[in-house]
Amino acid sequence: MFEQILMALINGILLGGVLALLAFGLNLIFGVVKIIHMAYGQFVMLGFYFIYTFHTSWHIPLLLAMALGIAAMGLIGILTQLLVINPLLNAPRLNQLLALASLIIVVENLAQVIWGADYRGIPLSMPIIQFGEIFIRSSFLIAFIGAIVTLWFLYLFLNRTYLGLGIRAVAQDLEMAKGMGINPKVIYYITLMTGGALSGLVAAFFVPIYTVHPHFGASFTLMAFVIVVFGGMGNLMGGFISAFIIGIVTSVTAVLSSKEVADIVALLMFIGMMMVRPEGLLGTES
Amino acid sequence: MLNVHDINVFYDEFQALESVTVKIEKGQTVIVVGPNGAGKSTLLRTIAGLQKPRRGSIEFEGHRIDRMEAHQIVEGGISLVPEGGRVFPHLTVMDNLKVGSYNKGARPIAKQRLPQIFQLFPVLADRRNQRAGSLSGGERQMLAIARSLMAQPRLIMLDEPSLGLAPLVVNMVFEFIKSMKQEGYTVLLVEQNANKALKVADYAYLIESGKMVFEGKSEDFDKNPYIKTAYLGL
Amino acid sequence: MQAINKYGFYGQIILLVVLVMLPFIITSSYLNHIMTLILLWSFVATAWAYMARFGMVSLGHGIFLGIGAYFPTMMFNYWSFTPWIGIWVGVAIAVATAAVLGYACFRFGLLGDYFALVTLAVAEVSALTIMAFRETTGGSLGYTLRATGKISDMQFSDKRVYYFIALILLIGAVYIWRRIDRSPIRLALTAIEESEIAAASLGVSVIRYKMMITLLSAGLTALGGALYAQYVTYVSPDTIAGVGVSLSVCFKAILGGMFTVLGPFVGSTIIVALEEYVRISMGASFLGLSQIIFGISLLIMIIFLPKGIMGSMSLAISRKLNRID
Amino acid sequence: MMKKCLVTVIALGLCVGSVFGTALAQDKEFKLGVLFSMTGAFAPAGGLAGYQGTMVAVDMINARGGIAGQYKVVPVIADAQSNPDTSIREGQRLMTVENVPVVLGVFSSAIAVPLAPMAEQYKKIFWVIIAISDKVVQDRHLNYTFRVQPTGSQWGQSTVTMFNENLEKFGIKSASEVRVAVIYEDGPYGSSVAAANKEKVKEFGMNLVMEEAYSHKTNDLSSLIFKLKSAKPDVILHTGYFPDVVLFFRQARELGLKTKAIAGHGAGHANMPKLAEAAGGELMNYCFNVDPAPAQLLDRSKLAPGNGDVVGEFLKRYEEKFKDNNPPTHATQGFGHTWILLNDVLPLALEKYGDLSPDSIRKAALDIEIPDGGTPCGYGVKFAPPEHALSGQNLRSYPVVAQSVGGKLSIAWPGALQTAQPVIPLPADSPYGIK
């Protein structure tokens with residue numbers, strides 16, 4: 001039993017890395033554009049398909065295919081801003097949310113039209129890392145390292161560039177940011193592009209873990225939300241920490257009971273946090 | 001330099017400004033006084049492009065700006081110091097100043113500008129790595145002014161800079177406004193504190209319920225009996 | 001304004017007559033089925049809008065639908081407990097759940113986005129709970145009601161009975177809406193929506209009024225879910241609990257216009273009819289295309305009719321009338 | 001208000017119009033309702049493949065001049081969208097508005113279960129050709145529902161029986177020494193198979209060390225694998241759809257799961273080539289799977305004369321139409337089970353009862369007897385009569401246990417059809433083999 005829990009603990013930390021990656025893009029979009037991007041999981045699915053197509057059909061080396069996939073998702077992010085979010089910038093929040101929810105229907109079925117209903121995967125044999133009886137999943141370990149590196153790059157981007165500064169300013173006070181000469185539309189495009197590219201990055205890390213199909217994304221969005229809001233909307237560090245909390249809690253609970261109960265526990269933690277501290281773990285009251 | 005001509009501004013169905021006209025010459029300090037809710041802030045917001053007029057025109061240095069976006073107007077050389085020293089509370093003092101220099105014209109010289117600003121506001125230099133939210137009201141007002149100076153404006157607009165500040169700090173602020181005039185800035189100042197504001201102004205407007213009811217040199221204001229009793233408390 | 005009311009009154013009478021006659025004119029059981037679904041979802045969407053129009057946007061009504069649908073169904077299958085009573089047990093449990101959830105949310109002052117997000121999480125919890133108790137609930141692929149065909153088990157040989165039950169419920173929901181409009185609850189809730197603190201300082205019991213409307217909305221939603229289950233005789237976490245169905249209820253109410261009493265009905269009619277129409281007309285000629293068109297239609301409607309169909313229409317009509325006056 | 005009424009009427013009108021517009025039929029046509037999940041979660045799991053197989057059968061019958069050379073088959077296609085709610089609407093539409101005598105198809109048991117009573121109500125034939133859960137027919141005494149393929153319990157029983165017959169390969173003598181774990185997706189399909197697994201395990205006195213269900217939509221199975229690791233089973237009996245199966249294989253490898261045999265039960269495990277393509281071939285190596293044999297694996301010489309050619313033509317047409325030379329078993333089921341209806345049952349109804357009404361078809365279906373090897377699926381046909389506990393079930397169908405070794409499938413059970421001895425335990429070159 002002890003060994004099981006220990007393994008679950010390690011697993012949870014690694015899972016936290018994957019979840020943290022998932023949450024970054026969402027967090028950015030949430031914090032800056034103030035839009036709940038319901039179709040984020042579907043974007044990850046699209047990114048996965050892009051990488052699959054570049055690698056399998058066009059025979060581009062995998063790492064290059066991943067880079068291209070990330071770029072393509074950045075483009076999709078820009079298109080989303082142009083076609084869906086721009087016309088809704090001044091609409092009620094609920095309408096924005098539902099518009100992105102209807103985007104789910106469009107994207108999932110578009111994927112089916114383009115790639116068909118089949119499951120697609122890139123067979124990758126990841127090395128097995130073993131310490132005695134403890135196995136560490138290399139696919140998750142890579143994602144874990146990826147999450148930390150991505151966080152570092154995002155931190156640099158947001159804190160060392162004018163564009164990053166603009167993003168943070170718009171996130172805090174849209175009107176004042178405009179008054180400072182920041183064009184919010186440009187910031188929104190950049191944010192959606194970055195968010196899209198991050199979804200492509202998640203897809204790249206998912207390649208050794210999953211197979212993709214048109215309904216692949218649905219199961220990821222809600223957990224990503226829970227992490228973002230739990231950690232404090234728009235607070236990247238908060239999201240990062242909460243990803244690990246949620247990862248460990250779900251992983252250990254799943255071993256003790258079942259996956260569903262683990263998810264329920266995570267959601268109840270989230271609900272509890274909202275009641276007691278709606279601004280989230282590291283969020284600041286506005 | 002700035003020519004606001006006959007503008008009407010609405011918030012939904014509510015009319016905030018009616019047929020307002022304001023002129024500012026280069027190098028002047030112009031004030032707009034009036035009671036709370038008269039439309040003073042709306043006037044500044046409209047010039048800054050945060051609000052669109054339904055009628056009328058705004059020209060700055062010969063160019064129509066009333067259809068421009070706010071960020072283009074900043075690039076054009078107009079900078080707004082918002083009411084209550086509205087700074088970005090979660091950014092550091094340093095980052096707040098950097099945001100000020102966000103527009104393309106200001107970015108290249110931001111590095112040289114910073115020491116000058118710190119010289120003007122030594123307190124900001126001390127607190128440069130502190131979150132702006134942790135500053136006192138006066139310091140925030142300083143930061144807001146400093147931030148708009150970073151934008152390399154030719155016209156600087158201040159919205160109630162003395163609001164809610166201790167008397168001593170208020171004096172400092174007005175001293176500073178005076179010095180800006182000497183540095184060659186054109187200033188548009190909106191104030192409830194008409195007494196002090198008139199002392200630094202070249203020309204003044206009185207706005208009531210969205211309409212300009214009186215305009216003239218500062219001396220004219222001092223002489224007007226209605227203004228004397230209603231606004232100057234004499 | 002009077003002109004609108006007059007038109008509205010006659011329009012509603014005509015609408016009611018049409019709705020009562022419809023199942024006798026159209027005998028296709030498929031179309032009757034669609035019409036019954038429209039009425040059931042209209043009822044649920046109307047109940048949802050009770051809360052939403054006062055700023056309490058719940059994305060978690062799936063939990064009430066699920067409770068209403070699963071409890072009577074399971075009680076009937078396991079204990080042969082008649083749904084005639086079982087439904088009310090389901091409604092009671094849903095109301096109790098709403099009381100706990102609502103009190104927690106309102107006590108802690110959850111508003112706007114936070115309220116929406118918490119309720120969204122609640123919807124997911126409801127679907128996960130059904131899956132976690134898969135031994136009794138049938139898990140993720142659903143659960144079928146035992147067929148007996150007895151009226152005492154709420155199973156009718158003529159399925160149109162459910163059409164009329166749904167119609168009566170919808171009329172009831174519209175009537176309650178009107179009653180709320182004429183009662184002090186409306187004023188209180190409007191004041192609360194404007195400013196919770198101001199309302200509280202005027203002596204309005206914020207939590208009490210919010211709770212009243214929440215319990216009402218949850219109870220009626222559960223009733224709708226219960227009838228849906230009895231009618232379709234099949235329940236699954238995807239069709240009657242969880243995030244998807246919660247959002248689809250919002251869709252219907254918002255597209256129709258959640259601030260007008262007939263908005264949810266119009267929205268449900270259009271969404272269900274559109275869904276059937278695109279699916280049947282496209283058929284299998286181009287797989288997935290019908291869904292894409294359905295999704296894009298929703299997107300376009302949300303973008304161009306932000307106040308919903310009824311909302312935008314009444315706005316247009318009142319503008320026109322004002323011009324004539 | 002008037003406008004609103006108008007909108008409603010138009011919306012409904014469009015709906016009605018489109019329905020009746022397509023409903024105009026001509027003489028000497030046979031309308032066949034085809035209902036599959038061609039989009040949504042079940043589409044990739046086999047819904048789409050089943051549909052494609054069915055369409056090949058329809059094309060082939062029409063190329064031969066139609067049913068009994070007289071009636072052209074006109075398929076009326078509906079998409080169940082992997083959603084029981086939608087499929088109930090579509091089933092109702094096909095049976096009442098389109099008024100087809102036969103609705104054929106359905107991949108998921110979750111859809112077949114609620115549709116069967118509906119067919120009973122409208123007195124239309126419901127020809128189930130992929131869904132395998134026992135619950136579709138068991139104890140329901142349905143008159144109008146027929147199912148050609150074996151039941152889920154047959155799936156579940158066959159693997160356990162095979163392992164019981166090969167105990168010596170585990171190096172043990174008594175069944176009670178075998179440690180068995182049963183894991184399954186929690187729908188009617190998975191639970192049907194798992195129930196039969198457990199029943200047989202108990203019957204043979206094997207040691208059931210673990211059982212657990214999960215949602216087929218899950219995105220993480222690591223906790224299940226941790227539990228498996230501590231249960232240390234010799235045999236893992238797995239029933240799942242596709243993504244969860246791939247996830248299981250990949251995660252089990254990375255988490256160092258070791259066992260002696262892994263057996264899948266159709267659906268996700270059915271499509272070995274695709275599994276190998278998506279997850280890597282070595283993961284699937286030596287795995288067992290239960291299913292009716294896919295067409296390309298059938299020993300055509302054992303089929304009744306002429307049937308071999310039908311199978312050959314199916315494979316050729318399938319490749320031409322869908323660019324796939326290795327159709328999954330669901331395509332074979334879709335084809336074969338449709339073929340039995342169009343080529344055997346309907347002509348008999350016409351010949352013996354004079355028309356193609358649902359009642360004539362029903363009588364013909366109950367009359368029909370095809371011996372083993374008489375259909376393109378390999379097995380024969382004899383439907384259980386209404387008084388039977390499994391009324392409407394084809395009592396002559398059976399699945400086989402196949403093993404994939406180095407990408408080649410061979411039949412390991414039943415003994416009569418065996419093409420190779422099963423390889424047990426997993427050799428050291430399997431990622432799950434004990435070294």
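Chain naming here is simple, since letters A, B, ... match the order of the sequence lines and numbering starts at 1 in each. From a predicted model like this one, the values you see are computed outputs, not experimental measurements.
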message = Distance check, rounded to the nearest 0.5 Å: A/Arg168 atom CZ versus B/Leu91 atom CG?
response = 5.0 Å
request  = For atom CD of B/Glu183, decide whether the heavy atoms of other residues, nucleotides or ligands shown that lie under 6.0 angstrom number more than 12.
outcome  = yes
inquiry  = Between B/Glu69 and A/Lys178 (salt bridge meaning N to carboxylate O under 4.0 Å), is one present in this structure?
reply    = no
key: chain A contact via B/Ala110 - side chain, backbone, both or neither, heavy atoms under 4.5 Å   = side chain
request  = Decide if atom CE of B/Met172 counts as having more than 12 heavy atoms of other residues, nucleotides or ligands within a radius under 6.0 Å.
outcome  = no
ask   = Heavy-atom count around A/Lys34 NZ within 6.0 Å, excluding the residue itself: above 12?
value = yes
key: More than 12 heavy atoms from other groups under 6.0 Å of OH on B/Tyr11   = yes
ask   = Where does B/Ser148 contact chain A at under 4.5 Å (heavy atoms): side chain, backbone, both or neither?
value = neither
request  = Identify which part of A/Ala171 has an atom lying under 4.5 Å from any heavy atom of chain B, answering side chain, backbone, both or neither.
outcome  = neither
Most contacts with chain A, counted as non-hydrogen pairs under 4.5 angstrom, among B/Arg45, B/Arg86, B/Glu75 = B/Arg86
task = Side-chain contact test, heavy atoms from C-beta onward, threshold under 4.5 Å: evaluate it for B/Tyr102 versus A/Leu163 and give yes or no.
result = yes
ask   = Got a second to check how far A/Leu165's CG is from B/Lys98's NZ, nearest 0.5 Å?
value = 6.0 Å
request  = Look at atom NZ of B/Lys104 and say whether more than 12 heavy atoms of other residues, nucleotides or ligands are closer to it than 6.0 Å.
outcome  = no
inquiry  = Tell me every residue that passes salt bridge (Lys or Arg N to Asp or Glu O under 4.0 Å) with B/Glu59, counting only those two or more places apart in sequence or in another chain.
reply    = none
Other residues, nucleotides, ligands: >12 heavy atoms within 6.0 Å of B/Arg54 CZ = yes
request  = Report yes or no: is the cationic atom of B/Arg107 (NZ for Lys, CZ for Arg) under 6.0 Å from the centre of the six-membered ring of A/Tyr162, at an angle within 45° of the ring normal?
outcome  = yes
inquiry  = Less than 4.5 Å apart, side chain to side chain, heavy atoms only: is that true for B/Val74 and A/Met180?
reply    = no
query = Counting N and O atoms only, with roles assigned by atom type, does the side chain of A/Glu175 sit under 3.5 Å from a partner on the main chain of B/Leu50, one being a donor and the other an acceptor?
reply = no
remark   = Scored by heavy-atom pairs under 4.5 Å with chain A, the best of B/Gly133, B/Ser101, B/Ala48 is B/Ser101
key: B/Asp95 CG to A/Asn159 CG distance, which is reported to the nearest 0.5 Å   = 6.5 Å
